[in-house]
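Just so we're on the same page: letters track the sequence lines, and every chain starts at 1.
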There are 2 protein chains.
Amino acid sequence: MTTCIKVKQPKTKYIDCDSCSMQPVCLPLKAGKTEISIMDSYLSKRNIVTISTPLFQEKEKADAIYAVCSGSFKLTETSPEGKEKVIGFRFPGELIGEDAIHTPNYNYNAVAVGNTTVCRVDLDELNECGKLMPELQLSLISLLSKQNSMLREEFTSVVAKHTAESLLAAFILNMLKRNAQYQETESKLHLPVGRDVIANHLGFRRETLSRIFSKFQQKGLLSIQAKDVEILDLPGLQDVAYN
Amino acid sequence: MTTCIKVKQPKTKYIDCDSCSMQPVCLPLKAGKTEISIMDSYLSKRNIVTISTPLFQEKEKADAIYAVCSGSFKLTETSPEGKEKVIGFRFPGELIGEDAIHTPNYNYNAVAVGNTTVCRVDLDELNECGKLMPELQLSLISLLSKQNSMLREEFTSVVAKHTAESLLAAFILNMLKRNAQYQETESKLHLPVGRDVIANHLGFRRETLSRIFSKFQQKGLLSIQAKDVEILDLPGLQDVAYN
DNA sequence: TATAAAGCTTGATTTAAATCAATAAAAAAA
DNA sequence: TTTTTTTATTGATTTAAATCAAGCTTTATA
């Protein structure tokens, strides 16, 4: 039976696995429908709703892996001078804290952006359960492999981008691709965070970000209304990204 | 018994597992010494030596995972205009092609930089074998988790670096950390490739790279002789990276 | 609803990196 | 070894992004 717990914030909604919109994401971990009930009791897989709270923080004991069910997370790192750097985002279907398998402590922060739902997989229980169910391990291997590809592609999208324009274009395309996995819309994108956070993440100033967004709109590549982006010329955007 | 095969190049040396310098890297896959012989026959794990040849290429069928035993690999992507972009490097102890687990085809090129040794794990055989040996799967899970962390850290080291100086400093530190896992020297680093390739990877011109290397030498942060870098002021370099 | 606060955009100037161009050094070939 | 080729460094100019600064929106609060 699925148990749902409440963390750190007052206005928490309880969501069980059966009504979770991201069932397909969790399904691999369940290793087939017939075994859901077994998994639920053995794995203590729970749906947790957090509101703008950290899932975990730097140096905290790494004792669980999380899969994002709904909403977005930002990952941050605190530099020696105390400045916060946004090192990535996580969307439904992606893992957070998978390092836990081999690391005693997390070394970054995972903070919910708005209301989110995650599945928590306790490491101890995962190990116990894995011995009994090889299918579970195969699912985890597949999930980790997918996460690996996502990370490599994310890396590829930001590395070797000399101009701010190509970097932003590549970032938008990367977000679009990752969103496509849980949303139907191929041409629309909701930015999970404000300009400041995106600028921080990409390593330039909010002014530069604004200017480029304006330029992209003038060129007819996209239209942007607050945090809602509509892609108008995908090939054009790809051209900008690959340069 | 370990079998070693020869690929694509004439001057290939045969190396078996017992004499491989990177045994500790492969050990997790072997799931304990007592089972080495079983693994060798079941998994067809082979040491392959390649010389400047692609391990695999874009769009090729993804049927194996590789672990680097010795030497370095560069990963590249061909842009629509046909330009080659260096999207990363892989060093001993790291995985290549782990995407194979969930992707039908590779979507990047893995090219040996000089002479290298890799362990090839055939996917079909891995699946067969996994059913018989849960420990093997646990090892793979651990390897994938480590690779995940490596990728995230690599990503973190290049993202949000506004100046070319901080980007290069972060790149050197990342290389240094990854080298430390299989070399004793904490302060020395051998660049696996020339300036052009590094500049391509980091997204700026070879002239800029040269200038920054010169600047770092003038500041006494490091000394560089061809491809050999010696770190002289690690905290100083970290200061440059975190800015 | 009015007012304050936060977030976003645009302009003018300064600074950092690209580009163009010429050497210099190292590696490969004759 | 000497010549050729490749690779790396340094200089002068142009271009792109940071910075400084002001206005504009949107959201939050009284």
Side-chain angles (χ1 to χ4, degrees), chain A residues 11 51-52 74 83-86 113-114 158-172 189-219 221-230 240-243, chain B residues 11 51-52 74 83-86 113-114 158-172 189-219 221-230 240-243:
Chain A
K11 291 177 284 179
I51 302 168
S52 305
K74 68 170 183 182
K83 275 187 277 183
E84 186 187 60
K85 279 193 180 167
V86 179
V113 176
V158 303
V159 85
K161 292 287 182 291
H162 8 290
T163 67
E165 273 187 51
S166 65
L167 182 49
L168 181 59
F171 173 75
I172 292 169
L189 179 70
H190 180 81
L191 301 176
V193 291
R195 305 284 190 277
D196 272 333
V197 175
I198 294 174
N200 175 318
H201 177 58
L202 296 178
F204 41 73
R205 299 290 153 194
R206 73 170 87 77
E207 295 97 321
T208 307
L209 189 70
S210 254
R211 279 184 244 272
I212 301 171
F213 268 136
S214 300
K215 204 172 181 180
F216 283 179
Q217 285 193 103
Q218 280 164 28
K219 282 186 179 175
L221 297 176
L222 51 79
S223 78
I224 183 165
Q225 188 68 29
K227 288 178 181 172
D228 290 301
V229 182
E230 185 170 4
V240 176
Y242 282 106
N243 180 30
Chain B
K11 291 177 284 179
I51 301 170
S52 306
K74 68 170 182 182
K83 275 187 277 182
E84 186 188 60
K85 279 193 183 172
V86 179
V113 176
V158 304
V159 84
K161 292 286 184 290
H162 9 290
T163 68
E165 274 186 51
S166 65
L167 182 49
L168 181 59
F171 173 75
I172 292 169
L189 180 71
H190 180 80
L191 301 176
V193 291
R195 305 284 190 276
D196 271 333
V197 176
I198 295 175
N200 176 317
H201 177 57
L202 295 178
F204 40 73
R205 299 290 153 194
R206 72 171 88 76
E207 296 96 321
T208 307
L209 190 70
S210 258
R211 278 184 244 272
I212 300 172
F213 268 137
S214 301
K215 204 171 180 181
F216 282 180
Q217 285 193 105
Q218 280 164 26
K219 281 186 180 177
L221 297 176
L222 51 79
S223 78
I224 184 164
Q225 188 69 29
K227 287 177 180 172
D228 290 300
V229 182
E230 186 172 4
V240 177
Y242 283 106
N243 178 32

Please give the angle, rounded to 10 degrees, between the axes at the start and the end of the helix from C:dT1-D:dA30 to C:dA30-D:dT1, where five pairs define each axis.
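Helix axis angle between the two ends: 40°.
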
Can you list the residues that meet the salt bridge (charged side-chain N to carboxylate O under 4.0 Å, His left out) rule with B:Glu84, with sequence neighbours excluded?
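For B:Glu84, the residues satisfying salt bridge (charged side-chain N to carboxylate O under 4.0 Å, His left out) (neighbours in sequence not counted) are B:Lys74.
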
Partners of B:Lys161 by salt bridge (charged side-chain N to carboxylate O under 4.0 Å, His left out), sequence neighbours excluded?
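Once residues adjacent in sequence are excluded, B:Lys161 has no partner under the salt bridge (charged side-chain N to carboxylate O under 4.0 Å, His left out) criterion.
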
Run the side-chain hydrogen bond (donor to acceptor under 3.5 Å, both in side chains) test against [X] and tell me which residues pass, sequence neighbours left out.
X	result
B:Thr163	B:Ser166
B:Lys215	B:Glu165
A:Lys227	none

Under the side chain to side chain contact (heavy atoms under 4.5 Å, CB included) test, residues paired with A:Ala241 that sit two or more places apart
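A:Ala241 satisfies side chain to side chain contact (heavy atoms under 4.5 Å, CB included) with A:Ala169, A:Ala170, A:Leu173 once adjacent residues are dropped.
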
Taking only residues two or more places apart in sequence or in another chain, which ones pass side chain to side chain contact (heavy atoms under 4.5 Å, CB included) with B:Phe171?
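For B:Phe171, the residues satisfying side chain to side chain contact (heavy atoms under 4.5 Å, CB included) (neighbours in sequence not counted) are B:Phe89, B:Leu168, B:Met175, B:Ile198, B:His201, B:Leu202.
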
Nucleotide range of DNA chain D contacted by chain A, 5' to 3', under 4.0 Å to a heavy atom?
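Contact span on the strand: D:dA17 to D:dA21.
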
Sub-4.0 Å heavy-atom contacts from residues 205-217 of chain A onto DNA chain D, ordered by number:
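Of all residues in residues 205-217 of chain A, the ones placing a heavy atom under 4.0 Å from DNA chain D are A:Arg205, A:Glu207, A:Thr208, A:Arg211.
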
Which residues pass the ring pair (Phe, Tyr, Trp, His ring centres under 6.0 Å) test with B:Phe204, sequence neighbours left out?
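Counting only residues at least two positions away or on another chain, B:Phe204 forms no ring pair (Phe, Tyr, Trp, His ring centres under 6.0 Å).
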
If you look only at pairs with a residue in residues 191-207 of chain A, which of them pass as a salt bridge (Lys or Arg N to Asp or Glu O under 4.0 Å), with sequence neighbours excluded?
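Every salt bridge (Lys or Arg N to Asp or Glu O under 4.0 Å) pair that includes a residue of residues 191-207 of chain A, provided the two are not neighbours, is A:Asp196-A:Arg206.
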
